[in-house]
2 protein chains.
Amino acid sequence: MAKSSIKKVAQLAGVSIATVSRTLNFPDKVSESTRLRVEDAIRETGYQPNSLAQSFRRGHTNIVTVVMPSIGDPFAAGVMRGIQAAAQQNGYAVYVEEKPLQAMSSDEFDTLLGSRQADGMIVIASIPSEGVKVLTDENRPKLPVVIACETPPELAATPRVHIDNFGAASDATELLISHGHRNIAMIYGLEESPLTISRVNGFRAALENAGLQLPDEWLVEGYRTLAGGRAAARALLTGNHRPTAIFCGNDDMALGCLHECRLLGIRAPEDLSVMGFDDIQFAAVADPPLTTVSQPAEDIGSRIFARLCKIIAGEPDSGQPADIVPHRLVIRDSVAAPPQ
Amino acid sequence: MAKSSIKKVAQLAGVSIATVSRTLNFPDKVSESTRLRVEDAIRETGYQPNSLAQSFRRGHTNIVTVVMPSIGDPFAAGVMRGIQAAAQQNGYAVYVEEKPLQAMSSDEFDTLLGSRQADGMIVIASIPSEGVKVLTDENRPKLPVVIACETPPELAATPRVHIDNFGAASDATELLISHGHRNIAMIYGLEESPLTISRVNGFRAALENAGLQLPDEWLVEGYRTLAGGRAAARALLTGNHRPTAIFCGNDDMALGCLHECRLLGIRAPEDLSVMGFDDIQFAAVADPPLTTVSQPAEDIGSRIFARLCKIIAGEPDSGQPADIVPHRLVIRDSVAAPPQ
DNA sequence: TTGAAAGCGCTACCAG
DNA sequence: CTGGTAGCGCTTTCAA
């Protein structure tokens with residue numbers, strides 16, 4: 001930690017600290033000659049402003065934090081790309097915090113939101129009820145928060161951008177139906193997140209719409225992981241009433257499902273069609289390449305950042321709290337007509 | 001932003017701000033009765049200390065930043081798990097910054113290191129030469145930096161933990177050789193990182209050791225991605241001199257390679273053996289499940305954090321700068337004897 | 001056990 | 001165009 005700071009530079013350049021500050025922040029409010037002198041002094045001392053002091057004094061940091069449950073989540077990574085690009089343009093730095101929101105207490109949420117470290121926060125996850133409590137608390141210091149995911153109904157007023165999960169799940173199911181499937185199961189994410197709920201509802205609606213039955217045992221809960229998909233698939237495929245198609249709540253589970261099929265000697269898509277959700281990069285190189293639904297992750301990122309930015313700037317947030325972006329079916333090879 | 005702060009609490013509790021500060025930081029240096037009064041006031045006002053002011057005053061933040069080139073990198077995610085666990089125990093928060101180190105200028109590095117936002121930095125990546133310049137600059141403010149990856153020779157003195165990439169690559173190659181392969185190619189990461197170089201050298205050494213030739217066209221550079229692996233594999237497999245085994249510098253490339261084989265009608269492992277590196281989770285559900293080498297990512301994370309922590313605390317960093325952790329071959333089904 | 005007060009490094013206001 | 005200076009919210013002596 002080189003001792004420091006603006007005072008030294010001022011001394012060396014033979015000017016006041018005010019002038020140093022000025023040449024840093026408003027170079028054209030300073031005469032050319034002094035500017036040069038100050039810049040020399042800065043170079044000589046290797047001075048870098050103490051950003052902590054700056055932020056403290058200014059009352060803001062020009063930092064936004066992105067909270068996600070898991071570094072390594074490909075969807076979040078996509079959203080991040082969009083956020084970063086937008087942030088860079090607007091002079092913001094972005095820090096990500098990996099937090100298992102689902103497991104957090106109200107107090108922890110409070111702390112998360114109370115830290116003045118950042119000017120605003122983007123969360124890429126569903127907010128559990130403890131978080132909802134804190135976010136809807138009137139007395140809470142109002143750090144701007146914005147969500148890149150479907151939110152619980154209580155947070156209907158919170159700005160967010162996400163796809164129409166209900167519609168996407170329904171579209172995916174209809175794709176299966178259009179191939180002639182009438183025996184369709186779904187593996188959905190474990191948590192009671194609004195996102196999961198919407199997808200399950202969309203699935204049910206599409207089935208109902210087509211006059212199809214859904215036996216209880218064909219709606220199975222799994223962890224949102226490869227292992228979760230494998231376990232759920234095994235349960236589904238070793239029962240005596242076997243579906244001809246499985247719709248998975250995300251690609252991880254779908255990939256796990258595909259793998260379990262291989263182990264069981266069940267061919268996809270000849271014996272079983274599998275549909276994913278998310279279009280992670282590995283979906284394209286799965287065997288068979290996974291048919292899935294894609295979310296415009298990057299776009300979600302840039303949109304949500306733009307909204308956060310406006311809120312931070314105090315501009316009125318325009319229009320609906322929910323900005324619904326389009327999803328898209330990605331047709332590859334894991335869905336085909338049912339056997340016979 | 002609820003107006004704020006320690007002063008209000010003090011007023012409400014009828015004490016000085018010093019006392020409020022004390023009950024927050026040293027509760028037992030305050031009499032029970034005032035403590036209770038202050039705590040009430042805190043609750044009533046919903047006061048939360050301004051962490052910016054605290055950090056500014058204290059001169060440190062109790063934050064460490066982790067820099068990685070890509071959110072979504074499964075290896076980095078594993079390292080993060082180790083870091084988080086260790087950080088939590090030691091009262092540190094961890095922020096991650098996604099930065100394409102390879103593309104950064106010296107100035108950008110300077111800024112990265114100059115920000116007093118964090119007390120220290122862990123980088124999960126190889127440091128390019130611009131970064132080396134800054135890190136080895138004597139005049140640089142010495143933000144503690146520590147590396148979770150193999151480093152360039154110029155940074156030999158920088159604390160780091162990583163596997164023996166040379167040895168691991170050599171082991172992987174020997175596995176191929178032990179299955180009877182004599183025509184082995186390698187697809188290595190594009191960048192001239194020390195890590196890539198070590199792996200290529202380990203590969204070469206094992207070949208040489210076994211008296212095997214390496215034609216130039218069998219050492220091919222690829223981007224470190226699925227697409228990179230696919231392109232490189234296609235080049236390798238459509239030439240007229242085709243290897244019977246390919247060692248890939250990471251699992252992404254190996255998975256891309258496997259996919260390209262499928263497209264080309266080449267069966268793995270019957271026609272071609274493929275070996276990966278990293279053991280990402282998708283390696284286990286590849287078709288065929290990928291034989292690869294695994295790094296103890298989580299362990300790397302906790303070790304590197306421990307070292308950073310000591311440096312921040314001013315304790316002498318014990319022993320060698322390089323802490324080499326063991327790698328492990330993960331035998332699955334993508335490697336077998338060569339055809340005939 | 002408590003309070004008064006001095007700054008931490010910087011920005012921004014007000015004079016000159 | 002420049003300098004002097006108040007003060008951001010907090011911690012931490014030093015006295016009482």
Side-chain angles (χ1 to χ4, degrees), chain A residues 1-39 41-42 45-63 91 111 114-119 141 143, chain B residues 1-39 41-42 45-63 91 111 114-119 141 143:
Chain A
M1 257 24 111
K3 205 35 247 291
S4 50
S5 52
I6 205 170
K7 238 182 293 184
K8 265 213 204 137
V9 178
Q11 216 169 343
L12 195 75
V15 298
S16 73
I17 63 165
T19 299
V20 177
S21 175
R22 247 181 254 118
T23 108
L24 248 24
N25 298 304
F26 312 97
D28 23 271
K29 295 183 99 54
V30 162
S31 76
E32 168 115 14
S33 66
T34 58
R35 184 167 56 72
L36 259 29
R37 228 153 9 104
V38 171
E39 282 167 355
I42 288 176
T45 55
Y47 169 69
Q48 287 196 245
N50 180 334
S51 63
L52 232 40
Q54 283 181 314
S55 298
F56 170 51
R57 180 57 234 251
R58 300 209 249 240
H60 64 262
T61 57
N62 270 39
I63 292 172
T111 311
S115 149
R116 309 272 207 307
Q117 217 59 251
D119 296 340
L143 177 78
Chain B
M1 260 25 109
K3 203 39 242 296
S4 51
S5 47
I6 205 169
K7 239 183 292 186
K8 266 214 202 132
V9 178
Q11 216 169 344
L12 194 76
V15 298
S16 72
I17 61 166
T19 300
V20 177
S21 174
R22 249 180 250 119
T23 108
L24 248 25
N25 298 305
F26 313 95
D28 23 273
K29 296 183 98 53
V30 162
S31 77
E32 168 115 14
S33 64
T34 57
R35 184 166 56 72
L36 258 29
R37 227 149 15 100
V38 171
E39 282 167 355
I42 288 176
T45 54
Y47 168 68
Q48 287 194 245
N50 179 333
S51 62
L52 231 41
Q54 284 182 312
S55 298
F56 169 51
R57 181 55 235 252
R58 301 210 248 241
H60 65 262
T61 56
N62 269 38
I63 291 173
T111 311
S115 148
R116 310 270 207 308
Q117 217 59 250
D119 296 339
L143 177 77

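Throughout, protein chains are lettered first and strands after them, A, B, ... in sequence-line order, and every chain is numbered starting at 1.
- Two residues, A/N50 and B/T34, neighbour DNA chain C, and the one matched to the more 5' nucleotide by heavy-atom proximity is B/T34.
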>> For A/V38 and A/V30: C-alpha separation, side-chain torsions, deciding distance, then whether side-chain contact (heavy atoms from CB on, under 4.5 Å) applies.
In response: CA-CA 10 Å; A/V38 171; A/V30 162; 6.0 Å; no

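- Atoms CZ (A/R22) and C1' (C/dC13) sit 10 Å apart, rounded to a whole Å.
- With D/dT12, D/dG3, C/dC10 as the choices, the nucleotide that has an atom nearest any side-chain atom of A/P49 turns out to be C/dC10.
- Using a 4.0 Å heavy-atom criterion, one finds that B/T19 contacts the sugar-phosphate atoms exclusively.
- Counting all heavy atoms, side chain and backbone alike, A/L143 lies closest to A/A118 at CD1-O, 3.3 Å.
- Within the structure, salt bridge (Lys or Arg N to Asp or Glu O under 4.0 Å) pairs that include any residue of residues 24-38 of chain B comprise B/E32-B/R35, B/R35-B/E39 (at least two apart or interchain).
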>> Apply side-chain contact (heavy atoms from CB on, under 4.5 Å) to residues A/L12 and A/Y47 and explain how you reach the verdict.
In response: CA-CA 11 Å; A/L12 195 75; A/Y47 169 69; over 6 Å; no

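- Comparing the axis of the opening five pairs of the helix from C/dT1-D/dA16 to C/dG16-D/dC1 with that of the closing five pairs yields an angle of 40°, rounded to 10°.
- For B/R57, the salt bridge (Lys or Arg N to Asp or Glu O under 4.0 Å) criterion is met by no residue, not counting sequence neighbours.
- What separates CD of B/Q11 from P of C/dG3 is a distance of 13 Å, to the nearest Å.
- Proximity of residues 53-60 of chain B to DNA chain C (heavy atom under 4.0 angstrom from any strand atom) is restricted to B/F56, B/R57.
- Judged by atom type and distance alone, B/R116 does not reach the base of C/dG9 through any side-chain donor-acceptor pair under 3.5 Å.
- Judged as a side chain to side chain contact (heavy atoms under 4.5 Å, CB included), and not counting sequence neighbours, the contacts of A/S16 are A/A18, A/T19.
- Following rounding to the nearest Å, B/R35 (CZ) and C/dT2 (C1') show an atom-to-atom distance of 16 Å.
- The two residues B/Q48 and A/R116 make their nearest non-hydrogen contact at O-NH1, 3.7 Å.
- The backbone N or O of A/Q117 sits less than 3.5 Å from a side-chain atom of A/T61, completing a donor-acceptor pair.
- Counting to the nearest Å, the P atom of C/dC10 and the CG atom of A/L52 are 11 Å from each other.
- Closest approach of B/N25 and B/R58 over heavy atoms only: OD1-NH1, 3.7 Å.
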>> Please evaluate residues A/I42 and A/L24 with respect to the criterion side-chain contact (heavy atoms from CB on, under 4.5 Å), reporting the C-alpha separation (whole Å), side-chain torsions for both, the decisive distance (0.1 Å), and the verdict.
In response: CA-CA 10 Å; A/I42 288 176; A/L24 248 24; 3.5 Å; yes

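- Of all the heavy atoms in B/I17 and B/I6, the pair that sits closest is O-CD1, 3.7 Å.
- Annotation: proximity of residues 23-32 of chain A to DNA chain D (heavy atom, distance under 4.0 Å) is found for A/K29, A/V30, A/S31, numbered in ascending order.
- For B/I6 and C/dA5, the CD1 to P distance is 17 Å, given to the nearest whole Å.
- Counting any heavy atom pair closer than 4.0 Å across all strands shown, B/I17 reaches a base atom.
- The side chain of B/K7 lies closest to D/dC8 when the candidates are D/dC8, C/dG3, D/dC10.
- The backbone N or O of A/G91 lies less than 3.5 Å from a partner atom in the side chain of A/N62, making a donor-acceptor pair.
- Contact annotation: A/S21 reaches the phosphate of C/dT11 (side-chain N/O to OP1 or OP2, under 4.0 Å).
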